[in-house]
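The figures that follow rest on heavy atoms only: side chains count, while hydrogens, waters and symmetry mates do not. A, B, ... follow the sequence lines: proteins, then strands. Residue 1 opens every chain.
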2 protein chains.
Amino acid sequence: MLDIAILGLLMERDHHGYEIRTQLRDRLGLGVNVSFGSIYPALARLEREGSVEAVAPSEPRLGSLSTGSLSGERASLRSRRGTPGLGRRGRKVYRITERGRQEFVERLANPSTVDDGRNFSLRMALARHLTPNRRVTLLERRRADLVERLEELRAGTRNPQLDGYARSVMEHAAQSVELDLAWIDQLLTTERSTPQPFARDAK
Amino acid sequence: MLDIAILGLLMERDHHGYEIRTQLRDRLGLGVNVSFGSIYPALARLEREGSVEAVAPSEPRLGSLSTGSLSGERASLRSRRGTPGLGRRGRKVYRITERGRQEFVERLANPSTVDDGRNFSLRMALARHLTPNRRVTLLERRRADLVERLEELRAGTRNPQLDGYARSVMEHAAQSVELDLAWIDQLLTTERSTPQPFARDAK
DNA sequence: CGTCGATATATCGAAGTGATATAGTGGATC
DNA sequence: GATCCACTATATCACTTCGATATATCGACG
């Protein structure tokens, strides 16, 4: 799961580990803390598989000139350039490979197992890398899952064994699923009525 | 986390592993699949720590006529009683110990780390085991977390780098947090206005 | 000048996931 | 009454993720 998130970020430009964490928070819905304990191993794994490669610290970062908005890192770069060893601050910058791109689109479109909310949000946040057909397929699958889940929760709410607290939890969970459903439906409507919903690169 | 859930179920009556899974789904909010790969190790761990103990298959469940409410298992029990070996269907029934009870109330009331939604829902589903004060404390802490998270999400929504899909994900996440907040506030109101909100055993 | 908070990588043990193996049980169907 | 299927039940595997911690540099502030 993390793999897709990381590859998705690297589709746009090169990143180093720490930056991936912040981007995960700020750009993809993955709010609360994806820990370093998962990010660094994930990067190592992806590198081992040949989906990403480490960029030598002196090499310019792809797209950094155009996108360039990473405050105050070019200055320190210049000032320390020339010192051998680990490059500035020991950063390791990763770049996605062609193999990585293929892996990414393949895995983004084909959830191996049923997505939970987090996974689905991640997929949607990266949805512009999907074809319109794929998007609709994913949305419909998610919709079906949510409908099923909602019925389970409603049935659960009627369980006489529950005390007030447990029932309240169930009812709230059901409301939450209803909100999710409304969101999905809205996305589906947009997707079906508009030729290029949110524009960009979906090929 | 699973530990609390399991202990919470065992507070009411004895359970075996498979049953714990169904109960987790039906009684506590923990909807989608808590896998056996976590339940059985968790039970083993709890037994090792002395928080639960395995009940000999012949001994106690037979005597538990009073508690008995597990539909349609007494029939098969009687029919097979006397056959030696693993006991009926190899079930292992666990019972909470005194140490387990202490462990449970202690850990239920004191989240070691910041709860995510799932953990919090679990705690609320078991809230009748908490004192009113503890409940309010937990609710207020959760409320503060959600307010903070909501601001982050709203700030994130304004990030100009986001495409339409990513923005939609963020906006939906924010709405979801708003719904959570409304729930918390409702619980807080109930908790403050009613002496024994949902009644039962909160000591 | 020191030191504080943010940046940055790395590693550890513990916990959870998803898949799979194995087998008994109850009921339906032919 | 034999057979088949779905459900109940425990267990274990490899892998991923989490949370904590260690270590170091950088930039800003007084």
Side-chain angles (χ1 to χ4, degrees), chain A residues 1-6 15-25 30 32-49 54 57 70-80 83 85-94 107 111-116 118-119 122, chain B residues 1-6 15-25 30 32-49 54 57 61 70-80 83 85-94 111-116 118-119 122:
Chain A
M1 196 236 88
L2 239 195
D3 298 14
I4 295 181
I6 292 175
H15 289 280
H16 54 91
Y18 189 91
E19 201 180 24
I20 283 173
R21 190 166 107 127
T22 36
Q23 293 282 306
L24 249 33
R25 170 165 36 76
L30 306 184
V32 229
N33 278 348
V34 179
S35 79
F36 293 120
S38 44
I39 288 176
Y40 291 117
L43 280 169
R45 195 192 318 144
L46 289 169
E47 190 175 14
R48 214 183 314 124
E49 292 169 1
L70 251 50
S71 52
E73 67 171 290
R74 261 159 314 286
S76 68
L77 169 70
R78 306 227 184 287
S79 69
R80 279 182 49 80
T83 58
L86 268 174
R88 68 193 195 289
R89 231 194 272 191
R91 276 187 190 166
K92 258 197 210 166
V93 175
Y94 292 93
R107 293 181 50 185
S112 61
T113 171
V114 177
D115 274 357
D116 60 10
R118 209 185 175 200
N119 281 351
L122 173 62
Chain B
M1 196 235 86
L2 240 194
D3 299 14
I4 295 181
I6 292 176
H15 290 279
H16 54 91
Y18 189 89
E19 201 179 24
I20 283 173
R21 191 167 107 125
T22 36
Q23 292 282 307
L24 249 32
R25 170 165 35 76
L30 305 185
V32 229
N33 279 346
V34 178
S35 77
F36 293 120
S38 46
I39 289 176
Y40 292 116
L43 281 169
R45 195 192 318 143
L46 288 169
E47 189 174 17
R48 214 183 314 125
E49 291 169 3
R61 224 81 200 318
L70 249 51
S71 52
E73 66 172 292
R74 261 157 316 286
S76 67
L77 169 72
R78 303 221 186 290
S79 67
R80 277 184 51 81
T83 57
L86 266 176
R88 68 195 196 289
R89 233 192 269 193
R91 277 187 189 168
K92 258 195 210 168
V93 176
Y94 292 94
S112 61
T113 170
V114 177
D115 274 355
D116 60 11
R118 207 182 175 202
N119 281 352
L122 173 63

Using a cutoff of under 3.5 Å, can you pull out all pairs of nitrogen or oxygen atoms linking the protein to nucleotides 15-17 of chain D, with atom names and distances?
unit_1  : atom_1 : unit_2 : atom_2 : d
dT17(D) : OP1    : M1(A)  : N      : 3.4
dT17(D) : OP1    : L2(A)  : N      : 3.3
dT17(D) : OP2    : R45(A) : NH2    : 3.4

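- Rounded to whole Å, atom P of dT10(D) lies 12 Å from atom CZ of R21(B).
- Rounded to a whole Å, the CG atom of D116(A) is 10 Å from the P atom of dT17(C).
- Closest approach of R21(A) to V34(A), counting heavy atoms only: CD-O, 3.1 Å.
- Scored by the side chain to side chain donor-acceptor pair (under 3.5 Å) test, D115(B) finds R123(B) as partners (sequence neighbours excluded).
- Closest non-hydrogen pair, K92(A) versus H16(A), comes out as O-CB, 3.0 Å.
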Distance-only donor-acceptor pairs under 3.5 Å for side chains of residues 38-47 of chain A, two or more places apart:
unit_1 : atom_1 : unit_2 : atom_2 : d
S38(A) : OG     : S35(A) : O      : 2.8
R45(A) : NH1    : D3(A)  : OD1    : 2.6
R45(A) : NH1    : D3(A)  : OD2    : 3.3

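- Between L122(A) atom CG and L24(A) atom CG the span is 7.5 Å, to the nearest 0.5 Å.
- Whole-Å rounding puts the F36(B) CZ to dC7(D) C1' distance at 11 Å.
- Atom C1' of nucleotide dG16(C) and atom CG of N119(B) are separated by 12 Å, given to the nearest angstrom.
- The CD1-C1' distance, from I6(B) to dT10(D), rounds to 14 Å in whole Å.
- Distance CD1 (I39(B)) to C1' (dT10(D)): 11 Å, rounded to an integer number of Å.
- Note: NE2 (H15(A)) to P (dT7(C)) measures 15 Å, nearest angstrom.
- One can place NE2 of H16(A) at 17 Å from P of dA6(C), the figure rounded to the nearest angstrom.
- The phosphate of dA10(C) has neither OP1 nor OP2 within less than 4.0 Å of any side-chain N or O from Y40(A).
- For Y18(B), whose side chain is taken as the heavy atoms from C-beta onward, the closest listed nucleotide among dT12(D), dA10(C), dC7(D) is dC7(D).
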